[in-house]
Amino acid sequence: MTAIKCIGILTSGGDAPGMNAAIRAVTRSAIYNGIAVKGIMRGYKGLVFDEIVDFRSQSVSNIIQLGGTILKTARCKEFTTPEGRKKAYENMQAAGIDALVVIGGDGSLTGAGVFASEYDVPIVGLPGTIDNDLGGTDSTIGYDTALNTIVDAVDKLRDTASSHERLFFVEVMGHTAGYLALNSALASGCEAAIIPEMETEVDQLAELINNGFRKSKNSAIVIVAENPQTGGATGLAERVKKEFPQYDARVTILGHIQRGGSPTAFDRILASRMGEGAIEALMEGQRNVMIGIEHGKIVYVPFSKAVKHHKEINRSKLELVKILSI
Ligand code: F6P
């Protein structure tokens with residue numbers, strides 16, 4: 001095992017609150033252990049197009065509280081080609097980088113796995129995505145902040161929904177996963193959560209809403225996970241409206257606001273622990289693993305497991321949303 005002298009760090013894919021806290025933790029843990037750090041701009045793009053800058057401890061001052069990523073991020077087409085990855089490797093070598101820390105979601109960690117299978121580069125990943133859709137970790141960096149942003153928005157929508165006695169369909173992000181939808185529905189006392197992991201019977205949903213209105217409710221909020229196949233909140237609202245034209249229904253798509261904002265204390269602590277974990281892992285000779293935290297402990301998760309084996313959705317929570325909304 002050769003000692004690592006210099007690491008490169010990049011953020012890739014959709015930004016997530018807490019990425020800056022992770023950049024800070026990786027940089028300072030590396031420097032603390034005598035390892036030099038280079039910041040790679042715009043994700044894999046910076047490797048392919050040689051946008052690499054020296055990082056010092058001061059480069060990451062005053063960023064723990066900031067959303068977004070000071071390294072910028074991108075979804076890089078060039079890195080999906082063998083020619084692009086060759087250029088990336090050559091630029092890495094020329095910059096003296098002998099290991100990489102990649103902070104991103106499943107696309108970014110899949111890219112890291114492909115790169116590591118072609119070139120002899122130790123890579124450690126950190127789960128940075130609001131979607132929480134990576135296996136081997138209880139939470140991803142950014143998920144908690146996004147969840148709180150959604151809950152805050154739904155609390156506000158409830159004021160107008162109840163004043164106008166309306167039915168709201170609120171679309172949230174999640175890529176193909178329903179964690180944000182399910183847990184925000186539970187945390188904001190919604191009438192239902194529609195998630196890609198479970199087929200939705202429009203009849204049953206309409207019946208549930210109808211029952212609520214019949215009994216005592218004068219408004220209702222349904223959280224819908226984005227889903228291009230079903231048309232998300234817009235598609236669902238149209239189907240329900242056909243059956244129940246008597247309801248004054250509205251659709252709100254929260255969109256990219258869910259990715260912004262100052263990270264919660266939970267995400268900052270998660271990112272700080274995982275960032276330090278990445279440097280520990282590299283010093284131990286680990287490669288091609290994502291740092292996860294399960295039951296409070298740092299774990300090393302092979303990229304293939306992190307990207308392919310999503311955590312199970314807790315189905316009893318769906319039932320709980322229903323029970324608590326009677
Ligand atoms: O992966 C994070 C995420 O915000 C997903 O929830 C969403 O589907 C996607 O990124 C949106 O990507 P873009 O910013 O490229 O539109």
Side-chain angles (χ1 to χ4, degrees), residues 1-2 4 6-16 19 22-23 26 30 37-52 69 71-137 140-142 174-177 274-275 277-279 281-292 299-311:
M1 182 171 76
T2 38
I4 289 166
C6 175
I7 60 147
I9 175 169
L10 62 86
T11 49
S12 162
D15 61 306
M19 278 184 164
I23 295 169
V26 170
V37 182
K38 306 258 182 188
I40 299 158
M41 303 303 296
R42 300 180 177 78
Y44 294 115
K45 255 195 179 153
L47 267 189
V48 177
F49 296 104
D50 199 16
E51 277 192 272
I52 301 172
T69 158
L71 286 172
K72 313 292 181 199
T73 185
R75 304 191 196 274
C76 176
K77 268 203 226 107
E78 293 79 4
F79 195 71
T80 61
T81 68
E83 301 75 38
R85 292 193 292 275
K86 182 165 179 283
K87 268 167 74 183
Y89 181 69
E90 286 163 1
N91 287 331
M92 231 186 99
Q93 293 283 96
I97 296 171
D98 36 36
L100 280 181
V101 176
V102 172
I103 308 170
D106 64 351
S108 311
L109 299 187
T110 302
V114 173
F115 193 45
S117 71
E118 293 171 344
Y119 298 97
D120 184 24
V121 182
I123 308 180
V124 168
L126 294 188
T129 167
I130 63 164
D131 301 333
N132 200 26
D133 60 347
L134 290 165
T137 189
T140 56
I141 298 166
H175 190 39
T176 54
M274 287 178 165
I279 297 304
L282 285 170
M283 289 193 310
E284 277 174 23
Q286 294 284 341
R287 41 167 65 210
N288 313 332
V289 291
M290 180 196 85
I291 306 297
V299 289
Y300 300 147
V301 190
F303 287 146
S304 53
K305 185 176 166 216
V307 299
K308 288 215 182 76
H309 302 280
H310 289 187
K311 295 176 282 290

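In this text, all values refer to a predicted model and were calculated from it rather than measured experimentally.
The backbone N or O of Gly14 lies less than 3.5 Å from no partner atom in the side chain of Thr73, so there is not a single donor-acceptor pair. The main-chain N or O of Met19 is never found under 3.5 Å from a side-chain atom of Thr69 such that the two would form a donor-acceptor pair. When atom types are taken as modelled, the side chain of Thr140 and the backbone of Ile130 share no donor-acceptor pair closer than 3.5 angstrom. At distances below 3.5 Å, not a single donor-acceptor pair connects side-chain atoms of Arg85 with backbone N or O atoms of Phe115. Under the 3.5 Å distance criterion, the side-chain polar atoms of Asp133 are left unmatched by any main-chain donor or acceptor of Ala177. Remark: side-chain polar atoms of Thr81 are paired, donor with acceptor, to backbone N or O of Gly84 under 3.5 angstrom.
The two residues Gly128 and Ala16 have their closest heavy-atom pair at C-CB, 4.1 Å. Across Arg287 and Asp120, no two heavy atoms sit closer than the pair NH1-OD1, 3.0 Å. Heavy atoms only, all atoms of each residue included: Gly111 and Phe79 are closest at O-CE2, 3.7 Å. Between Gly46 and Ile52, the shortest heavy-atom distance links the atoms O-CG1, 3.9 Å. Scanning both residues, Ala30 and Ile7, for their nearest heavy atoms gives CB-CD1, 4.2 Å. Heavy atoms only, all atoms of each residue included: Val301 and Gly135 are closest at CG1-O, 3.9 Å.
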side-chain contact (heavy atoms from CB on, under 4.5 Å) between Thr137 and Val299, intermediate numbers included: CA-CA 8 Å; Thr137 189; Val299 289; 5.9 Å; no

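In this structure, the separation between CG on Leu126 and CD1 on Ile9 is 7.0 Å, given to the nearest 0.5 Å. To the nearest 0.5 Å, atom CZ of residue Phe303 and atom CG of residue Leu134 are 10.5 Å apart. How far CG of Leu71 is from CD of Glu51: 11.0 Å, rounded to the nearest 0.5 Å.
Partner of Ile23 under the side-chain contact (heavy atoms from CB on, under 4.5 Å) criterion, out of Thr11, Leu10, Val37: Thr11 alone.
Under the 4.5 Å side-chain criterion, counting only non-hydrogen atoms from C-beta, Tyr300 is in contact with Glu284. With contacts defined as side-chain heavy-atom distances shorter than 4.5 Å, the pair Met274/Ile141 qualifies. You'll find the side chain of Pro302 stays beyond 4.5 Å of the side chain of Asn288, heavy atoms only.
Here Lys45 does not pair with Glu78 in a salt bridge; the nearest charged N to carboxylate O distance is not below 4.0 Å.
Around atom NZ of Lys311, more than 12 heavy atoms belonging to other residues, nucleotides or ligands sit under 6.0 Å away.
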For residues 90-109, dump all side-chain donor-acceptor pairs below 3.5 Å to protein atoms at least two apart in sequence or in another chain.
residue: Glu90; atom: OE2; partner: Lys86; partner atom: NZ; Å: 3.0
residue: Asn91; atom: ND2; partner: Leu47; partner atom: O; Å: 2.7
residue: Asn91; atom: ND2; partner: Val48; partner atom: O; Å: 3.0
residue: Asn91; atom: ND2; partner: Lys87; partner atom: O; Å: 3.3
residue: Asp98; atom: OD1; partner: Lys5; partner atom: N; Å: 3.3
residue: Asp98; atom: OD1; partner: Cys6; partner atom: N; Å: 3.1
residue: Ser108; atom: OG; partner: Ser12; partner atom: O; Å: 3.3
residue: Ser108; atom: OG; partner: Ser12; partner atom: OG; Å: 2.8

